[in-house]
Amino acid sequence: MDRFIFLTVDGLARGAVFAAFALALVLIWRGARLVNFSQGAMAAATTYIAYSVTTATGSYWLGLAAAILGGLVIGAGAERLVMRFVDARQPLNAVIVALGLVLVIQAVLGIVYGSEYRPMKVPFSRTPLSIGDQALLSPYDLFVFGTVVVVMIGLGWAFTRTDLGLTMRAAAFAPDMARLLGVNVGRMLTLSWGLAGAVGGLAALLVVPTELGAHPHATDLVFVYAFTAAVVGGLDSPVGAVVGGLGVGLVLSYVSGYSGSDISAVVILGVLIGVLLLRPSGLFGHTSARMV
């Protein structure tokens with residue numbers, strides 16, 4: 001029983017990070033109706049921005065703010081300078097361009113910073129709090145949980161209760177009609193990419209310090225797990241992203257704890273395939289996805 005409780009708590013802590021990253025994918029899906037496969041590489045770039053600022057100033061919080069701002073700029077810039085000129089009538093073109101962005105970003109990071117891992121600090125202790133002899137969540141895990149909940153509530157409120165959020169969704173679902181109503185669809189698309197980049201940067205800053213540190217490929221596997229979480233929960237649902245992220249974290253924890261980490265990725269791939277076959281829109285989703 002103690003082992004099960006430990007694996008459950010560990011899975012929830014890991015899943016919260018996946019949920020944060022999945023929220024970035026949900027955000028750009030709700031605003032642009034596509035999945036950005038270069039999101040992981042963009043997030044990796046923001047970790048280096050945070051690393052540089054924190055190293056120069058000694059402040060984790062300034063680094064976090066710089067990562068979020070950097071993600072906003074990188075996301076908006078990628079849409080404005082690259083993705084806007086891709087022929088959307090051929091989805092494969094956008095996939096190739098997105099993968100090309102991954103290669104370019106990772107290559108630039110490797111040239112500038114090198115390929116070694118750069119350790120990053122966290123603002124709170126990672127030592128688990130205990131009740132009796134049972135170790136539970138650490139203060140940093142609680143910080144991650146709280147951040148994910150705030151982001152989820154904020155996104156849900158923005159897209160359902162504000163004029164800007166509703167305008168972004170209208171521009172994504174019916175761009176021609178939105179243009180006739182005076183909506184600047186291009187501007188809304190850029191904003192969606194920028195906000196997704198900012199949330200992705202925040203998510204990367206939650207997970208990378210708990211791993212080996214900043215690296216050009218630090219977020220590759222995290223992106224795979226987050227993508228699975230977003231698909232499981234539903235690409236149109238912030239709540240689904242959180243539930244999917246926690247679910248993926250629990251599955252990884254249980255599988256690695258009882259069967260070994262070697263088959264964890266295979267199990268997650270099986271979960272992804274199963275959801276796509278049985279419920280393509282996800283547990284909380286209501287629309288079908290176009291992968292770009």
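- I153 and V239 fall within a single hydrophobic cluster, where Ile, Leu, Val, Met, Phe, Trp and Tyr side chains are chained together by heavy-atom contacts under 4.5 Å.
- Considering all non-hydrogen atoms of both residues, P209 and A204 come closest at CD-O, 3.9 Å.
- Contact of the Y225 side chain with the V17 side chain is not registered, since no non-hydrogen atoms from C-beta on lie closer than 4.5 Å.
- No side-chain donor-acceptor contact under 3.5 Å links S259 to the backbone of S256.
- The shortest distance between side-chain heavy atoms of S52 and Y113 falls below 4.5 Å.
- Side-chain contact between I68 and L72 is absent, with no heavy-atom pair separated by less than 4.5 Å.
- Note on M120 and L221: same hydrophobic cluster, where clusters join Ile, Leu, Val, Met, Phe, Trp and Tyr whose side-chain heavy atoms are under 4.5 Å apart, directly or indirectly.
- Residue V255 forms a side chain to side chain contact (heavy atoms under 4.5 Å, CB included) with just one option from L7, V266, V267, I268, and that option is V267.
- Atoms CG and OG, on L276 and S281 in that order, are 10.5 Å from each other to the nearest 0.5 Å.
- None of I111, V112, I105 except one satisfies the side chain to side chain contact (heavy atoms under 4.5 Å, CB included) rule with V108; the exception is V112.
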**Message:** If you apply the rule side chain to side chain contact (heavy atoms under 4.5 Å, CB included), what do you find for N36 with M42, and how did you get there?
**Reply:** CA-CA 10 Å; N36 177 22; M42 293 180 182; 3.7 Å; yes
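- Under the 3.5 Å distance criterion, the side-chain polar atoms of T210 are matched with a main-chain donor or acceptor of V207.
- In this structure a side-chain-to-backbone donor-acceptor pair under 3.5 Å is present from T57 to V53.
- From S264, atom OG reaches atom CG of L269 across 12.5 Å, with rounding to the nearest 0.5 Å.
- Using a 4.5 Å cut-off between side-chain heavy atoms of Ile, Leu, Val, Met, Phe, Trp and Tyr, with links allowed through other members, Y51 and Y117 fall into different hydrophobic clusters.
- For the pair K121 and T54, the minimum side-chain heavy-atom distance is 4.5 Å or more.
- Under the 4.5 Å side-chain criterion, counting only non-hydrogen atoms from C-beta, V199 is not in contact with F21.
- Within the model, atoms CG of L189 and CG of N184 stand 10.5 Å from one another, a figure rounded to the nearest 0.5 Å.
- Classified by interplanar angle (parallel below 30°, tilted 30° to 60°, perpendicular above 60°), the ring pair F227/F223 is parallel.
- Applying the salt bridge (Lys or Arg N to Asp or Glu O under 4.0 Å) rule to R80 yields no partners; only residues at least two apart in sequence or on another chain are considered.
- A41 and V102 get closest at one heavy-atom pair: CB-CA, 3.9 Å.
- The same ILVMFWY cluster, assembled from side-chain heavy atoms under 4.5 Å apart, contains both V271 and Y258.
- In terms of the ring pair (Phe, Tyr, Trp, His ring centres under 6.0 Å) criterion, residue partners of W61 (sequence neighbours excluded) are, by chain and number, F143.
- Residues L250 and T8 come closest through the heavy atom pair CD2-O, 3.5 Å.
- Applying the salt bridge (Lys or Arg N to Asp or Glu O under 4.0 Å) rule to pairs touching residues 93-117 yields E116-R118, sequence neighbours excluded.
- A donor-acceptor contact shorter than 3.5 Å is absent between the side chain of T219 and the backbone of V222.
- Among residues two or more places apart in sequence or in another chain, the salt bridge (Lys or Arg N to Asp or Glu O under 4.0 Å) test is passed with D10 by R14.
- At a cut-off of 3.5 Å, with distance as the only test, no side-chain donor of Y140 or T127 sits close to an acceptor on the other residue.
- Qualifying side-chain hydrogen bond (donor to acceptor under 3.5 Å, both in side chains) partners for R84, counting only residues two or more places apart in sequence or in other chains: E79, T190.
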**Request:** Check the pair L101, M83 against side chain to side chain contact (heavy atoms under 4.5 Å, CB included), reporting the backbone distance first and the verdict last.
**Result:** CA-CA 10 Å; L101 277 176; M83 301 304 296; 4.1 Å; yes
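- Linking ILVMFWY residues whenever their side-chain heavy atoms come closer than 4.5 Å, directly or via other members, places V208 and F124 in the same cluster.
- Counting heavy atoms from C-beta on, the side chains of V231 and L272 come closer than 4.5 Å.
- Counting only heavy atoms from C-beta outward, the side chains of L164 and L191 approach each other to under 4.5 Å.
- Nearest heavy-atom pair, A66 versus I49, reported as atom, atom and distance to 0.1 Å: O-CG2, 3.7 Å.
- For the pair G201 and T46, the tightest heavy-atom approach, listed with the atom from each and the gap, is CA-OG1, 3.3 Å.
- Contact annotation: the side chain of T47 never approaches that of H215 to less than 4.5 Å [non-hydrogen atoms, C-beta and beyond].
- For residues 136-157, no residue pair satisfies the salt bridge (Lys or Arg N to Asp or Glu O under 4.0 Å) rule, not counting sequence neighbours.
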**Asked** When you look at F18 and L252, which way does the side chain to side chain contact (heavy atoms under 4.5 Å, CB included) test go after all the steps?
**Response** CA-CA 11 Å; F18 301 148; L252 285 173; 3.5 Å; yes
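- Pairing each heavy atom of F145 with each of A13, the nearest pair is CZ-N, 3.9 Å.
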